[in-house]
Amino acid sequence: MKQIQIAIDGPASAGKSTVAKIVAKKLHYIYCDTGAMYRTVTYAALKNKVALDDDQALKALLSKIEIKFVPAEPEQRVFLNDEEVTSIIRTPEITNNVSVVSAQPSVRADLTKRQQKIAAQGGIVMDGRDIGTTVLPSADVKIFLVASVHERAVRRFKENQEKGINTPLDVLEKEIEERDYKDSHREISPLTQAHDAIEVDTTSLNIDQVVEKILEIIKQKENQY
Ligand code: DC
């Protein structure tokens, strides 16, 4: 069976990484979380006191950093050079600053190249905002996951509570709306649905149902080969 490329895009908290991980595991494919790469660069910039909108300084910083994914259970570990950043890149400080960093042209160009290299052999499930449009425009399967702002805020609220973070629901709704706006209105590679992507609305679906839907779409595609 051909090892295909699967692109999963969509706005923040639509459930991309949760389902992408499960789909990759079921297919014995590699999973690449491109949001984690943008988050890692944001962490590196804050740590090195690089201004988050200084494109040239970020370019110089990127030339010195390696971002590695190491398979592990229950989740893949993320490294910035030799420092593990798996948890720290999920903190509100990073979440609230990542949109500025991910709008910088040098950052997008650099990470896009790294992502294309990771996906080159196929057998990959990659999630993000611009995978179907820019990173892997010829991906065999393109999924665009959406869910209402309220539903996404409720999901983030529950996730946060498990981690002991108590941001109120209305604040989370506002943050999600702001991030949607920034991700969709930046000049380079804004969040948009690729013309050949299949939209899956996850608002009233549970994780298993979304995974099943995506596996069905993949199966239909594979039958065409
Ligand atoms: O999926 P996430 O929330 O971890 O992504 C973090 C941020 O990174 C998000 O606000 C937008 C940006 N991002 C991007 O611009 N392009 C991608 N392919 C993935 C993420």
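If you read the sequence from its start, that first residue is 1, and numbering goes on from there. If you're wondering where the values come from, they're calculated on a predicted model, not measured in any experiment. Both counts, for ligands and for their atoms, begin at 1 and track the order of listing.
- Using a distance-only test at 3.5 Å, with no hydrogens or angles considered, no donor-acceptor pair links the side chain of Thr134 to the main chain of Ile131.
- Annotation: atom 19 (C) of ligand 1 to nearest protein heavy atom, Thr34 OG1, 3.3 Å.
- Residue Arg186 places at least one N or O, backbone or side chain, under 3.5 Å from an N or O of ligand 1.
- Of all atoms in ligand 1, numbered sequentially from 1 with element shown, those under 4.0 Å from a heavy atom of Asp183 are 9 (C), 10 (O), 11 (C).
- Shown in contact with Val98 at under 4.0 Å from a heavy atom are these atoms of ligand 1, numbered in order with element: 6 (C), 7 (C), 8 (O), 10 (O).
- Between the side chain of Arg152 and the backbone N or O of Ala14, no donor-acceptor pair lies under 3.5 Å.
- Side-chain contact check for Arg77 and Thr86: no donor-acceptor pair (N or O, by modelled atom type) lies under 3.5 Å.
- The nearest protein atom to atom 12 (C) of ligand 1, hydrogens excluded, is given as Ser102 OG, 3.7 Å; this is a heavy-atom distance.
- In this structure, a donor-acceptor pair under 3.5 Å is present between the side chains of Ser106 and Asp55.
- Taking distance alone, with nitrogen or oxygen atoms compared against 3.5 Å, Asp130 approaches ligand 1 more closely than that limit.
- A donor-acceptor contact closer than 3.5 angstrom is absent between the side chains of Arg179 and Ser184.
- Between atom 1 (O) of ligand 1 and the options Met37, Arg129, Lys16, the minimum heavy-atom separation is to Arg129.
- Comparing Arg108, Arg179, Arg39, Arg90 against atom 14 (C) of ligand 1, the shortest heavy-atom distance belongs to Arg108.
- Using modelled atom types and a 3.5 Å distance limit, the side chains of Arg108 and Tyr38 yield a donor-acceptor pair.
- Side chain of Gln116 to backbone of Val135: a donor-acceptor contact under 3.5 angstrom is found.
- Every N/O-N/O distance between Gln115 and ligand 1 stays at or above 3.5 Å.
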